[in-house]
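Whatever order the structure lists ligands and atoms in, that order sets their numbers, starting from 1. The model shown is predicted, which means the values in this text are computed figures rather than measured ones.
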Amino acid sequence: VLYSAFNLAPLLGLALVGVFLGSTLACPSRCECSAQSRSVVCHRKRLPSIPEGIPIETRILDLSKNRIQAINPDDFAAYPHIEELDLSGNIIAYVEPGAFNMLYSLHALSLKSNRIKLLSLGVFTSLSNLTTLDISDNKIVILVDYMFQDLHNLKTLEVGDNELVYISHRAFNGLLALESLTLERCNLTAVPTDALSHLHNLVSLHMRYLNIGTLHPYSFKKLFRLRHLEIDSWPALASLPANALHGLNLTTLSITNTNLSAFPYQALRHMPYLTHLNLSHCRVRTVEGGLLQDLVRLRELRLAGAQLHSVEPYAFQGLRWLRLLDVSHNRLETLERGVFQAPEGLEVLQINGNPLVCDCRLMWLLQKRQAVSFGEEQPECSTPEGNRGRPFREFKETLLSYYVTCTKPKIRENRTQLVSVEEGQWAQLSCSADGTPRPTISWVTPRRRHLTSRNQGRVMVHNNGSLDIKAVEVQDGGVYVCVASNTAGNDTMMVSLAVKSLGSLYANRTQYSVDPNSTTANSTNLPNTTFGLDLKTILVSTAMGCFAFLGVVLFCFLLLFVWSRGKGKHKNNIDVEYVPRAGGAEGTEQSSAGRRFNVKMI
Ligand SMILES: *[C@@H]1O[C@H](CO)[C@@H](O)[C@H](O)[C@H]1NC(C)=O
Ligand SMILES: *[C@@H]1O[C@H](CO)[C@@H](O)[C@H](O)[C@H]1NC(C)=O
Ligand SMILES: *[C@@H]1O[C@H](CO)[C@@H](O)[C@H](O)[C@H]1NC(C)=O
Ligand SMILES: *[C@@H]1O[C@H](CO)[C@@H](O)[C@H](O)[C@H]1NC(C)=O
Ligand SMILES: *[C@@H]1O[C@H](CO)[C@@H](O)[C@H](O)[C@H]1NC(C)=O
Ligand SMILES: *[C@@H]1O[C@H](CO)[C@@H](O)[C@H](O)[C@H]1NC(C)=O
Ligand SMILES: *[C@@H]1O[C@H](CO)[C@@H](O)[C@H](O)[C@H]1NC(C)=O
Ligand SMILES: *[C@@H]1O[C@H](CO)[C@@H](O)[C@H](O)[C@H]1NC(C)=O
Ligand SMILES: *[C@@H]1O[C@H](CO)[C@@H](O)[C@H](O)[C@H]1NC(C)=O
Ligand SMILES: *[C@@H]1O[C@H](CO)[C@@H](O)[C@H](O)[C@H]1NC(C)=O
Ligand SMILES: *[C@@H]1O[C@H](CO)[C@@H](O)[C@H](O)[C@H]1NC(C)=O
Ligand SMILES: *[C@@H]1O[C@H](CO)[C@@H](O)[C@H](O)[C@H]1NC(C)=O
């Protein structure tokens, strides 16, 4: 007995080992199983099909990177406890409807990186507890109606990297719990507005690497819960219509790597809850003043790697919570304090990678450089010469007012200029000024129009300050004022422009008379410089001509009266001929050769 007892001990041990092995034996060959987490990992094992011997109680099944070609109905029916199934990186071309039958516990399913061309109706039935589905990186061309209908609990759907050309209007029907959708790298040519409108609980929408060139007005309908919208890498997107984002109540918006050339002020109206805005890598050249006032809660604004030349004063007016501004890698020369509503609240300002001119406009920032974070890279001055390449943090407090200065503009040309041109010619009035920062030049015309280099047309200002007038007209004559201004002050200069008329003045003036050829006046008899002639002037001069004429008549009348008194009373009929002065503007009713009056003497 004792002997057998001694012999039994190893046997018992063996049996114990056997029981232990029993659970490991249930693991498919080449796979790794963990009894504790109930997982079976068959990653990269060259399996041609779903292996035999998967324990029935398996929760996590990883079959990624194998050579599985097809999924057939009930392939997984024997494993009702599977919660996570990873089939990514296989060569699955077709999934039969019913393939995932009975997988009521399934939470996460990945079919990423396979060769699926079409997902037919019924593939996902019974997956009512699925929360994550990834079908990205396949060859799906179309998403058909109702294909996700039973996925009532799906929260995340990845549809990227397919050859999608069309998403059917009801493709997303039933996805009532969907919170996050990624649509990227596919051949869509327009936003699938109708399909998306079924996703009433969608919170974030990521649309990346799409070749969509236009975003139509009202592109996003009924997305009441959407808070995060990402539009990234749409190289053909050149503008954002005013109503493109209408109806959305976003907190995060990013429209990056696009061809946008103007800041989409209008489209961003009615987004008072927006806190994060990323417009990096576009072609926006300027942020204009006072147009972002509606973004009252904006905290972070990123405009990195755009083509920003200027941020105008009051650009961020109304943005009192702005904490972070990223304008790195642009073409900004400066960023004045006056662009911010609350510069003291600014915590991070990334402004490196700009050709900064370190003058008094940047003084506020240099003084604040301990209180503000510049991000990973310190900004540097590119001019003036003495400060080139000098990182901000190397400015000594005491030397700031020495280095960082501004000087008032001083116009180089002489105080007063007289320019005389013939009508129809081209006139150029020059005005250039020195000063730090470089003064901007504007002109005020005799008619009090303010012109800057932004105005285009017959009369325009060049970037160097010269005013160009093409095909000068008589009414262009007058005094022009050049104003050179910068933050330190301004300087002005006057230029009078005299325009020699070439007869067109005459032609235009005589259009009020019956016969323009009546007067013998040659245009050279007219004053050779005329300042602004209008109807009023013509009427006044006509009236004056009439007065002069009446005066002469009266004078003659008086003379004749005196003469008649002296010479007796035998003549009582006298003819008086009056020829109006040449060049006068009178006569609207008279004809050519003067006027004849018959004065009867009593
Ligand atoms: C599916 O989810 C529901 C609740 O969402 C739950 O009551 C049910 O037990 C889940 N079914 C399985 C098999 O996990
Ligand atoms: C999608 O676009 C790619 C690249 O432009 C092209 O090779 C492919 O044929 C397109 N697919 C479809 C279905 O149009
Ligand atoms: C971006 O816009 C510019 C100017 O409108 C145009 O020349 C260029 O081709 C556009 N780029 C793309 C990728 O559409
Ligand atoms: C917009 O979103 C904010 C916060 O995300 C929320 O407080 C507000 O009620 C929403 N407004 C509307 C009209 O849905
Ligand atoms: C903003 O967009 C750029 C360009 O896509 C990206 O590199 C950057 O990470 C984005 N920043 C944030 C905070 O999302
Ligand atoms: C300014 O006036 C001076 C004489 O007063 C003259 O010598 C000089 O050439 C003028 N300069 C210009 C730019 O007209
Ligand atoms: C300013 O630029 C215009 C056009 O480029 C040129 O015609 C003009 O001569 C320039 N003026 C001066 C003073 O350099
Ligand atoms: C020029 O400066 C004066 C004060 O120095 C100011 O009153 C005036 O408005 C400025 N003019 C322009 C056009 O900036
Ligand atoms: C004559 O006046 C008209 C408008 O009153 C104007 O359009 C026209 O250019 C003028 N003719 C010439 C030669 O200036
Ligand atoms: C005025 O004279 C010109 C030639 O000098 C002639 O062609 C034109 O017809 C005349 N106009 C009138 C209204 O007589
Ligand atoms: C005006 O006078 C000039 C010379 O002074 C002459 O050549 C021209 O023909 C005259 N024009 C008319 C319309 O008489
Ligand atoms: C135009 O008037 C100026 C002075 O006002 C005079 O010097 C000039 O000789 C005149 N030109 C002609 C063509 O009469």
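Within ligand 5, counting atoms from 1 as listed, the ones closer than 4.0 Å to a heavy atom of N257 are 4 (C), 5 (O). Ligand 5 places these atoms under 4.0 Å from at least one heavy atom of R302: 11 (N), 12 (C), 13 (C). Ligand 3 places these atoms under 4.0 Å from at least one heavy atom of N259: 1 (C), 2 (O), 3 (C), 8 (C), 10 (C), 11 (N), 12 (C), 14 (O). Remark: ligand 3 atoms within the under-4.0 Å shell around heavy atoms of P235 are 12 (C), 13 (C), 14 (O). Near D232, meaning under 4.0 Å from one of its heavy atoms, ligand 5 places the atoms 5 (O). Contact atoms of ligand 5 toward H281: 4 (C) (distance under 4.0 Å to a heavy atom of the residue).
Taking 4.0 Å as the cut-off between side-chain N and carboxylate O, D476 and R458 count as a salt-bridged pair. In summary, R185 and D161 engage in a salt bridge, as defined by a charged side-chain N under 4.0 Å from a carboxylate O. Here K139 does not pair with E163 in a salt bridge; the nearest charged N to carboxylate O distance is not below 4.0 Å. A salt bridge is defined here as a Lys NZ or Arg NE, NH1 or NH2 lying under 4.0 Å from an Asp or Glu carboxylate O, and R454 with E312 meets this definition. Residues K408 and D491 are not paired through a salt bridge, judged by the lack of any N-O separation under 4.0 Å between the basic side chain and the carboxylate.
Contact annotation: A238 has no heavy atom less than 4.0 Å from any atom of ligand 3. Residue S466 places a heavy atom under 4.0 Å from ligand 7.
A 6.0 Å sphere centred on CZ of F395 holds more than 12 heavy atoms belonging to other residues, nucleotides or ligands. Heavy atoms from other residues, nucleotides or ligands lying under 6.0 Å from NZ of K368 number more than 12. The local environment of CZ in R438 is sparse, with at most 12 non-hydrogen atoms from other residues, nucleotides or ligands closer than 6.0 Å.
For atom 5 (O) of ligand 7, the nearest protein heavy atom (residue, atom name, distance) is H462 ND1, 4.2 Å. What sits closest to atom 4 (C) of ligand 3 on the protein, heavy atoms only, is R283 NH2, 3.4 Å. Closest protein heavy atom to atom 9 (O) of ligand 7: Q428 OE1, 3.5 Å. Nearest non-hydrogen protein atom to atom 14 (O) of ligand 7 is N464 ND2, 3.4 Å.
Protein heavy atoms are found inside the 4.0 Å sphere centred on atom 11 (N) of ligand 3. Within a 4.0 Å radius of atom 7 (O) of ligand 5, the protein contributes no non-hydrogen atoms. For atom 2 (O) of ligand 3, the protein comes within 4.0 Å by at least one heavy atom.
With a heavy-atom cut-off of 4.0 Å, E300 does not touch ligand 5 at all.
Checking each of E230, R227, H228 against T252 for a side-chain hydrogen bond (donor to acceptor under 3.5 Å, both in side chains) leaves exactly one that passes, namely H228. Tested against F340, the residues Y314, F316, W321 include a single ring-ring contact (aromatic ring centres under 6.0 Å, His included) partner, F316.
Proximity of the aromatic rings of Y218 and H246 is defined here by a centroid distance below 6.0 angstrom, and this criterion is met.
Close N/O approach between N278 and ligand 5 is found [any backbone or side-chain N/O within under 3.5 Å].
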